Amino acid sequence: MAHTEDAKGVLFEIRDWLRNSPLEPHECGLLAFQLLAWAYLAEEGRLDSTDSIDSALERGAAGILDALKRLESREAPVGQAFDGAFRRAQAVSDYLVSTLMTAKRLAEGGIFERFSPVDIADTLGNDRSMPIVAPVELAALMANLATNKQSSSIYCPWESTGRLMGALLQSLSTVYVETPYAAPVSALLSLFRHAETDIVLSDPLRAPTAIKGGRLRKFDAVLSLPPWNMQIADDVAAHDLYGRFPIRKANSNGLVVQHILAHTNGRAAIVVPNGFLFGLGRDRDVREYLLSQGLVEAVIALPTGFLQGTNISSALLLLNTRARCEKVGLVDATQPYFAKAFGKGPAALANTDAIVDFCHSLSGGHAVLGDHRLDETMAVAMTVSEILANDAVLQVDRYVMAKEQRDAQAALDAIPTIALAAAVDTYSPIPNKDRGVDSDDAMEVFEVGAADLPPAGYIRHPEKIVTVRLTSRRSGYSEEVFLRAHDVVLVTKGSTGKVGIVPENVPPPGPGGWIAGQSAVILRSRHPQSDARGLGLWLRSDMGQQMLTSIKAGATVPLISLATLRKLMVPRLTHEWIDRAIDALRREDDIQHQIEALEQDQQGIASALWQEFLQPTSH
């Protein structure tokens, strides 16, 4: 088969007749593909004589419109494939005969012997009304991961773009598509399959249709790129008749995964947003259920911006209901090894066979690094117990680390450590609702933000003034939000990992005091005799920064959850090493003051010169 780039000329030749039509470009392309599919069905002898192209052409545009109306009224999937064709054809009736004759000539000339229908459909471009679209190579990867020669039935909920149908074009399995969206491209591609295809327009969550004998149908494989973060009424889970939701209080993404799982008797490949992989609360409940039941086989991180229609980071979740998964494979497909550039356009996914080899090896109880093509910076296998102990986080970069991070972790493992929560107390900043208020009990304070945290020494005096109101805290002491001497300020959102240490001369709590910015947390010594400065200096070190990087999460904005931070293992510093760290911090601060003084002198040299230049000269 020729390349997709070459296939552009196929629809272009048909669409060229429609260049002056009132239809949008995507509508023109879809009509061209519908006419081409009609010509294909006629050439294959799969239509009645009344719906043949020759019969339609004998009556001109009127005959074509009548035939398209009949095709549109036929049972699925033919009727769905020609959905809207009559309306589109009416809008271009002046060009209809020439357009259809071109499609007929191409089909009779064996165009589908040279080009795959998938490649031709891929040149349609994006329909703005469509949800997120998977690139062709991702759809192929999903099919290769979830299906095999023994797969006799495949379920594709929410498939409407045609990409998953295209990946199953050569499959002899029956395919059941269930989607709330009109899916003409999926239906058109199904006409080129030589196996049974059902396409049902229905909401898979609220009104599932894959039912047999009053029970959910089970499929050997499931492929799905469902919509994310849908607004779903609580009664969907509460009134479910089929036992789909062991975790009834799940968010929409968790309900979707559970729905798919309930239909699966084999493997399911699901594209999910990164937030589902690390979110606390309800998302974590679903992940814990999946892991504890041994259902998670692999997670593959996808490049940001890889999916058409969204810039949200995402991953491919591979579930297996036939073999209990004691280990989970984690693959970082954001690495350059998995990208293939095509000119100035977006990179395509490459070397996916190595991903398939690695993931399929997991079901044998051990992982092989695809003929040694994937090293530990690209893929690892973690035990279920290790992941459960890490808040059931499935975000790939929490486990697949760069060499520097792995070296830092190895060095940390070799020394005595303690959980951060056992070394210091953590305090959240004043919430937004108590900032910028205008009330009698409000006060002006200085806010320490990420920009105020120096790379060495202590925090200098912040410049930003904000008005805040103190409210009661869970500890009962509202003034705990003010920064105290030797506190550590750690940014946990945005500029994640930036660290600052509060100096001795910080103002007392109250008006003019210092508070942490909204994106930071406060680390404070738990006992008067202890000192958090040693921990702060370590967190600012190369090793500390590597460890903080290893616990970052975030679908769009990097963040560190407080629960994860508290579990971070840090060095157990003796009094001697704390004293040495404090001395190092003092020397850092002295040098930083000298640097600042020299910078002021440096800036003043040219300024003094030009001030002298502007003074009148006396003679």
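Bear in mind that the values here come from a model prediction, so they are computed numbers and not experimental data. In this chain, residues are counted from 1 in sequence order.
- Closest approach of S160 to Y181, counting heavy atoms only: OG-CD1, 3.8 Å.
- Residues D542 and Q545 have side chains that never bring a donor and an acceptor to within less than 3.5 angstrom of each other.
- For N251 (side chain) and G254 (main-chain N/O), no donor-acceptor pair under 3.5 Å exists by modelled atom type.
- Looking only at distances, a side-chain donor or acceptor of T496 sits under 3.5 Å from a matching main-chain atom of P558.
- Proximity of F112 to V10: side-chain heavy atoms (C-beta onward) are nowhere separated by under 4.5 Å.
- S173 approaches A195 most closely through the heavy-atom pair O-CB, 3.5 Å.
- At a threshold of 4.0 Å, the pair R248-D240 does not count as salt-bridged, since none of the basic side-chain nitrogens sits closer than that to a carboxylate oxygen.
- Nearest heavy atoms, P208 versus R244: CG-NH1, 3.8 Å.
- In this structure, S252 contributes its side chain and M230 its backbone to a donor-acceptor pair below 3.5 Å.
- Here the side chains of R398 and M382 are not in contact, with every heavy-atom distance at 4.5 Å or above.
- With respect to the salt-bridge test (charged N to carboxylate O, under 4.0 angstrom), the residues K552 and D397 do not qualify.
- A distance of 6.0 Å separates CD1 of I120 from CD1 of I111, quoted to the nearest 0.5 Å.
- Using a 4.0 Å cut-off between charged side-chain N and carboxylate O, R87 and E27 make a salt bridge.
- Between E196 and V175 there is no side-chain heavy-atom pair separated by less than 4.5 Å.
- Rounded to the nearest 0.5 Å, atoms CD1 (I551) and OG1 (T564) are 6.5 Å apart.
- Counting heavy-atom neighbours within 6.0 Å of K567 NZ, excluding the residue itself, gives a total above 12.
- Judged by distance alone, the side chains of T179 and E159 never bring a donor and an acceptor atom under 3.5 Å apart.
- The aromatic rings of Y176 and Y155 sit tilted, their planes meeting at an angle between 30° and 60°.
- Under the 4.5 Å side-chain criterion, counting only non-hydrogen atoms from C-beta, I132 is not in contact with Q308.
- S361 places a side-chain N or O within 3.5 Å of a backbone atom of F358 that can act as its donor or acceptor partner.
- Contacts of A402 classified as side-chain contact (heavy atoms from CB on, under 4.5 Å), with partners at least two apart in sequence or in another chain: E404, Q405.
- Checked by atom type and distance alone, the side chain of S116 pairs as donor or acceptor with a backbone atom of V118 at under 3.5 Å.
- Formation of a donor-acceptor pair under 3.5 Å by the D220 side chain with backbone atoms of S153 is found in this model.
- Under 3.5 Å, the side chains of E386 and T383 contain a donor-acceptor pair of N or O atoms.
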Run the side-chain donor-acceptor check on residues 133-148: report pairs under 3.5 Å with partners two or more places apart or on a different chain.
residue : atom : partner : partner atom : Å
E137    : OE2  : L349    : N            : 3.0
N144    : ND2  : A140    : O            : 3.2
T147    : OG1  : A143    : O            : 2.5
N148    : OD1  : Q150    : N            : 2.9
N148    : OD1  : S151    : N            : 3.1
N148    : OD1  : S151    : OG           : 3.2

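- A heavy-atom distance below 4.5 Å is found between the side chains of T321 and L295.
- Between D283 and R287 no salt bridge is recorded (no basic side-chain N to carboxylate O distance below 4.0 Å).
- Judged purely by atom type and a 3.5 angstrom limit, T352 has no side-chain atom pairing as donor or acceptor with the backbone of I355.
- Side-chain atoms of Q80 and S190, non-hydrogen and from C-beta on, never get closer than 4.5 Å to each other.
- W38 places no side-chain N or O within 3.5 Å of a backbone atom of A103 that could act as its donor or acceptor partner.
- Ion pairing of R19 with D16 is present here, as a side-chain N (NZ or NE/NH1/NH2) and a carboxylate O approach within less than 4.0 Å.
- The main-chain N or O of T209 is found under 3.5 Å from a side-chain atom of E178 such that the two form a donor-acceptor pair.
- In terms of heavy-atom proximity, L164 sits nearest to L225 at CD1-N, 4.2 Å.
- Counted by atom type alone, R88 and Q34 present one or more donor-acceptor pairs between their side chains at under 3.5 Å.
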